[in-house]
Amino acid sequence: MEDVLKIGPYQFHSRLLLGTGKFADLETQSQAVAVSEAEVLTFAIRRLDLDNPHAANFLEQLDLKKFTLLPNTAGAYTADEAVRIARLAKASGLCDMIKVEVIGDQRTLLPDPIGTLEASRRLVEEGFIVLTYTNDDPILAKRLQEAGVHAIMPGASPIGSGQGILNETNLRFIIEDARVPVIVDAGIGSPADCAKAMELGADGVLLNTAVAQAEHPVLMAEAMKLAVQAGRKGFLAGRIPKKRYASASSPLEGMIE
Amino acid sequence: MQLQVNGKIVEVNNVRTVHELLDYFQLQAKIVVVEANGEIVDRARYETTPVAEGDRIEIVHFVGGG
């Protein structure tokens, strides 16, 4: 049976979505992306540096037929700013997906729930395929779903912190209630975090720093890919319930006396 | 003619359209999006969209991000 991740009109075989920031060099990045087998790559939209306009650019080196671009609205602190960035991204003609990200605080980089919901609603109305980065708040996730977003992307912990999943209970509630894919985004530190998210029933994981800043990014990209796959299969396989006491694996009958 | 491009004042000559502005910066081969005075300029209209003294132009592109 084919296990496909469907987001809006798109179908993906990989459940690992990869960010493209903070890599030490483009060669390492290219290798990490290839090894990760990610099909969706996030990007930010920024002013071109007109003093150095021909600096090497990762996107321009990519075979765009092989990847679906997921530009983000990073840097936006209001819904208006996010909508403006989203429109610029779409005007490239390269993509219609957008990762809505409206930040509410510079120190924690946690999302502003009000601005996030407003930007998401407006971009859905404008016809974008909207994947919203949000707090791990089940009620906000519900509101986003009502607004018509195509995927809910709750943070595991603050962006780039590597703290892993801080609120497993809330994440479970979000997953149980969601009728659109839930992609755990931000705060992933290790392969164990990926596996955990997938075992909880998340539909995918989006990470960046955990690979880009690992000691060996290419090796970590592979580890993350395998962890997402392992977690997914574990979820589908249905784990045993936890018990308080032991339960022997070997037969109790037929002991040699 | 003075324009404000990506937040900086630049002096350009013989630039009448967005197309000519991209030529001026040698950006035709690059993947960029142009906004003029807050409005996105459709790629198909670069040659017919005029730029004028004092215009605020944004030229943006895709960079690495999470």
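Residue numbers begin at 1 in each chain, while the letters A, B, ... track the order of the sequences. Predicted model only: the values in this text are computed from it and were never measured.
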Quick check for you: to the nearest 0.5 Å, what is the distance between A:I152 atom CD1 and A:D185 atom CG? 12.5 Å

Distance, nearest 0.5 Å, that separates CD of B:Q2 from CD1 of B:I9: 5.5 Å

Heaviest contributor of heavy-atom pairs below 4.5 Å to chain B, chosen from A:P71, A:P53, A:A212, A:A74, is A:P53

In terms of heavy-atom proximity below 4.5 Å to chain B, should [X] be classed as side chain, backbone, both, or neither?
X: A:I45; answer: both
X: A:A91; answer: both
X: A:K99; answer: side chain
X: A:I159; answer: neither
X: A:A55; answer: backbone
X: A:E101; answer: side chain

So for B:V32, is it side chain, backbone, both, or neither that comes closer than 4.5 Å to the heavy atoms of chain A? side chain

B:I31, part contacting chain A, at a heavy-atom distance under 4.5 Å: both

Do the side chains of A:R122 and A:D80 get close enough for a salt bridge, i.e. N-O under 4.0 angstrom? yes

Counting distance only, does the side-chain N/O of B:E35 pair as donor-acceptor with the main-chain N or O of B:E58 below 3.5 Å? no

Pick whichever of B:N6, B:V60, B:V5 has the most heavy-atom pairs under 4.5 Å with chain A. B:N6

Are side-chain N/O atoms of B:D23 and B:Y46 paired as donor and acceptor at under 3.5 Å? no

Taking the side chain as everything from C-beta on, heavy atoms only, tell me whether A:F58 gets closer than 4.5 Å to A:V33. yes

Count the heavy atoms belonging to other residues, nucleotides or ligands that lie under 6.0 Å from CG of B:N14, then report whether that count exceeds 12. no

